[in-house]
Undergrad: 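Please read through the structure below; I'll follow up with questions.
Quick note on labels: first sequence line is chain A, next is B, and so on, each numbered from 1. This is a predicted model, so every value here is computed, not measured.
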2 protein chains.
Amino acid sequence: MARLNMRELALKLGVDRATVSRALSNDKAHLVAPATRERIRQAAGAAGYRPDLTAATLRRGRSHTVGILVSDLGNETFIEVIRTIFRHLDARSDAPSITPLIAETLDQPDATRRLIHTFLSRRVDAIISLASTEADTAILQDAAREVPVVLAIRAIAGAVFPSALCDDRAGGAMVATHFAERGHKIVCQVQGPPLSATFKNRALGFSEVCASRSIVEMPQRIFAETATSAAGKRTLDALLAVSPRPTAIFAHNDALALGVIEAMRHRGLRCPEDLAIVGFNNTQLSRILAVPLSTVDYPVEEVSRHAGELVRNLIADPSYRFESRLFTPSLIVRASS
Amino acid sequence: MARLNMRELALKLGVDRATVSRALSNDKAHLVAPATRERIRQAAGAAGYRPDLTAATLRRGRSHTVGILVSDLGNETFIEVIRTIFRHLDARSDAPSITPLIAETLDQPDATRRLIHTFLSRRVDAIISLASTEADTAILQDAAREVPVVLAIRAIAGAVFPSALCDDRAGGAMVATHFAERGHKIVCQVQGPPLSATFKNRALGFSEVCASRSIVEMPQRIFAETATSAAGKRTLDALLAVSPRPTAIFAHNDALALGVIEAMRHRGLRCPEDLAIVGFNNTQLSRILAVPLSTVDYPVEEVSRHAGELVRNLIADPSYRFESRLFTPSLIVRASS
DNA sequence: AACATCTTGTCAATCGATTGCAAAAAGTGT
DNA sequence: ACACTTTTTGCAATCGATTGACAAGATGTT
């Protein structure tokens, strides 16, 4: 039942464990005779030898592990970004592959703190947070003194971290401009919880354009408790309660938009005739709806690639002069608006 | 920049590292005087000492880590099961908390093999697979000789693993019975890829009841390339091409069902008047639709709890006489059927 | 006072791989 | 054959926490 370890393997081959170690790692290939090297690799493969990475981590001080904080594992965009980041991290065949440690915070600061401590105890080489809220500033700064911390998707106001973000404000502005061009005079936002910068920025960008184009937001703004379709559905009553009624709605993400749409259908309202809707994220869902949803395409690829690069460079050299970037999303107009 | 380790902490306090270790763990075999213990804990807290878990793992041979294989991180039900399993694993305050290592297989056997090797190299205490396909049998059995392997959600035919499953066959049967009771004579299944036992069993249960109730399946069966709404949407043409037309559809999950529904709307068909639909999983989505979706509720809580228990017991005692269980789902009839 | 018992703490080995240093082996040029 | 570089291998320390064995001190019993 005991695992085969390097010592035994070396013994079996009549060489030193040091030689085995060097034969199996690529970077020091030239340090071991090609013949020996091949013999050792063969034997290791045949015997099913698998190095103990906890031991290697302890010795090297590098775990080839990156901790990822995500607020909600059910969010398609987050998941897509995580996938893409790791595709980029793994694509470098020169570097050893990196194992992600994924943890869900549910936007609870206590959970976040605990999870970060776990990450550090497990000696991650870096932390990527897709879940940052203002409340996490201190703990993230703490962590950053030990390992590189990279922010993706969500920024933290007033704190400087290497980051890869979407220009949510521009996204919000695009939607407002679109509404203006279609002649809407009265509009409304269904906003996600203002816990993270994301929704605040979308709201801001939208409102700025509305103001400059003298479009009225009415009711001023509606907050969904969570950025889910269930919460979105519940907002319709509030939306329709005011007079004059808005003719177009900017839902801060596609799930909220779907909620509103279904609530409308339930009442016999038609989209876009009675109420135009634009979402955010360009999820799978937005494409398959019978009335395809207009939405803002999230620059998943760019954000992920940059986040991956930041992480890779910062791990290689903690004093790397990083550049935080903001990627511009793009409006996709479909039938719903 | 160097982390504080136990040796330094002990030095600072004028005690041995062994004492520190025992003071911080709840070692029962060996006692530490309450006063010392408190003093050490205070100091450790104040100094921000965080034990290095890779070192502890190496020494103990236990990582307090469990590897989770999931085929698709975008699947709400899988995610919910993962969350619930870990809620159960963490709930035991007696045991130290367990860190999940989550990995996505996308149902590719090569990826699965690689990921399992990574898990073992990182010395997980157990593996939970929610992603098992027939192709993974060998590698899973291999892994099982090293650590406990628990199957959840998906079984593997002809292989015995401790498992916590949903009785998909019963679920399929429920839907067929429901259709029979509503007087449907011609029905159809939109089946997910028959890669995993899940969809095969749903199909089987459904077909058995149809046969016994002399309900016709027509067209015989339709396979979506993936269990997503986009794929579901694409199946409608095939569904409507036959004559006589089916009057009710069993979609193997809610995403497929949504795809079909949206395709129907697009064509001006009404649900349930023109075509009744039942999905599977009882996802968030099914509840918020304007025509709420009839669906089969997945026994997430039971499956997760049992999977968690299996893992916990098997880690504690690898020779634990486990019991695999099959949990019965329940039909939820809503407006779509 | 002598002895057993129980607490509390220290010592040192250990988990398995990596790596600086030095020794051995092989290769090169004269 | 000799002095030399270069390549290949071995030795042993090391990463940080845990734990069995043991010692010193405290407490109790007769």
Undergrad: A/Ser121 side chain to B/Pro51 main-chain N or O, any donor-acceptor pair under 3.5 Å?
TA: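 Yes.
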Undergrad: Hey, is the main chain of A/Glu146 close enough, under 3.5 Å, to the side chain of B/Arg3 for a donor-acceptor pair?
TA: no
Undergrad: Any idea which heavy atoms bring A/Ala144 and A/Phe161 closest together, and the distance?
TA: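 Nearest pair, atom of A/Ala144 first, then A/Phe161: CB-CE2, 4.0 Å.
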Undergrad: Show the atom names and distances, to 0.1 Å, of all donor-acceptor pairs under 3.5 Å that link a side chain in residues 124-139 of chain A to residues at least two apart or in another chain.
TA:
unit_1   : atom_1 : unit_2   : atom_2 : d
A/Asp125 : OD1    : A/Ser63  : N      : 2.9
A/Asp125 : OD1    : A/Ser63  : OG     : 3.4
A/Asp125 : OD2    : A/Ser63  : N      : 3.4
A/Asp125 : OD2    : A/His64  : N      : 2.7
A/Ser129 : OG     : A/Ala131 : N      : 3.2
A/Ser129 : OG     : A/Ser132 : N      : 3.2
A/Ser129 : OG     : A/Ser132 : OG     : 2.8
A/Thr133 : OG1    : A/Ala135 : N      : 3.3
A/Thr133 : OG1    : A/Asp136 : OD2    : 3.3
A/Asp136 : OD2    : A/Thr133 : N      : 3.1
A/Thr137 : OG1    : A/Glu134 : O      : 2.6

Undergrad: Take atom CZ of B/Arg62 and atom P of D/dG16, then tell me their distance rounded to the nearest Å.
TA: 24 Å
Undergrad: In whole Å, I'd like the distance from the CG atom of B/Leu53 to the P atom of C/dG16.
TA: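 About 18 Å, once rounded to whole Å.
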Undergrad: Show me the protein contacts with nucleotides 19-26 of chain D, counting only N or O atoms at under 3.5 Å.
TA:
unit_1 : atom_1 : unit_2  : atom_2 : d
D/dG20 : O6     : B/Arg22 : NH2    : 3.1

Undergrad: Please determine which of B/Leu11, B/Val32, B/Thr36, B/Val15 meets the side chain to side chain contact (heavy atoms under 4.5 Å, CB included) test together with B/Val20.
TA: B/Val15
Undergrad: Between B/Thr99 and B/Thr65 (side chain of the first, backbone of the second, donor and acceptor by atom type, cut-off under 3.5 Å), is there such a pair?
TA: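 Side chain of B/Thr99 to backbone of B/Thr65, a donor-acceptor pair under 3.5 Å: no, none is there.
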Undergrad: Would you kindly give the CG-to-C1' distance between B/Leu4 and D/dA17, to the nearest whole Å?
TA: 13 Å
Undergrad: Taking atom types as modelled, find out whether A/Arg154 and A/Ser71 have a side-chain donor-acceptor pair closer than 3.5 angstrom.
TA: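 Yes - a donor-acceptor pair under 3.5 Å links their side chains.
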Undergrad: Can you pull out how bent the helix from C/dA1-D/dT30 to C/dA26-D/dT5 is, comparing the axes over its first five and last five pairs, to 10°?
TA: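 Terminal axis comparison yields 50°.
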Undergrad: Figure out the CG/P separation between B/Leu24 and D/dG16, and round it to whole Å.
TA: 16 Å
Undergrad: Report the distance from atom CG of B/Leu151 to atom OG of B/Ser324, rounding to the nearest 0.5 Å.
TA: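 Here the rounded value is 8.5 Å.
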Undergrad: Would you kindly give the CG-to-P distance between A/Leu58 and D/dT14, to the nearest whole Å?
TA: 13 Å
Undergrad: With nearest nucleotide decided by heavy atoms, which residue, B/Arg123 or B/Val15, maps closer to the 5′ end of DNA chain C?
TA: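 The residue closer to the strand's 5' end, by nearest nucleotide, is B/Val15.
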Undergrad: Does OP1 or OP2 of C/dT8 have a side-chain N or O of B/Thr36 closer than 4.0 Å?
TA: no
Undergrad: Rounded off to whole Å, could you give me the CE-to-P distance for the B/Met6 and C/dT10 pair?
TA: 13 Å
Undergrad: When the distance from CZ of B/Arg7 to P of D/dA17 is rounded to whole Å, what number comes out?
TA: 10 Å
Undergrad: Heavy atom of residues 39-51 of chain B under 4.0 Å from DNA chain C: which residues?
TA: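 Under 4.0 Å from DNA chain C: no residue of residues 39-51 of chain B.
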Undergrad: Using modelled atom types only, decide if a donor and an acceptor are shared between the side chain of B/Arg41 and the backbone of B/Ala23 within a distance under 3.5 Å.
TA: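 Yes; at least one donor-acceptor contact below 3.5 Å.
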Undergrad: Using residues 302-311 of chain B as the side-chain source, report each donor-acceptor pair under 3.5 Å to any protein atom, sequence neighbours left out, with the distance given to one decimal.
TA:
unit_1   : atom_1 : unit_2   : atom_2 : d
B/Ser304 : OG     : B/Val300 : O      : 2.6
B/His306 : NE2    : B/Glu323 : O      : 2.7

Undergrad: Would you mind reading off the distance between A/Asp52 atom CG and C/dA17 atom P, rounded to a whole angstrom?
TA: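 Interatomic distance, CG of A/Asp52 to P of C/dA17: 6 Å.
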Undergrad: Can you pull out every salt bridge (Lys or Arg N to Asp or Glu O under 4.0 Å) where at least one residue sits in residues 62-81 of chain A? Sequence neighbours excluded, please.
TA: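 For residues 62-81 of chain A, and leaving out neighbouring residues, the salt bridge (Lys or Arg N to Asp or Glu O under 4.0 Å) pairs sorted by first residue read A/Asp72-B/Arg83, A/Glu80-A/Arg83.
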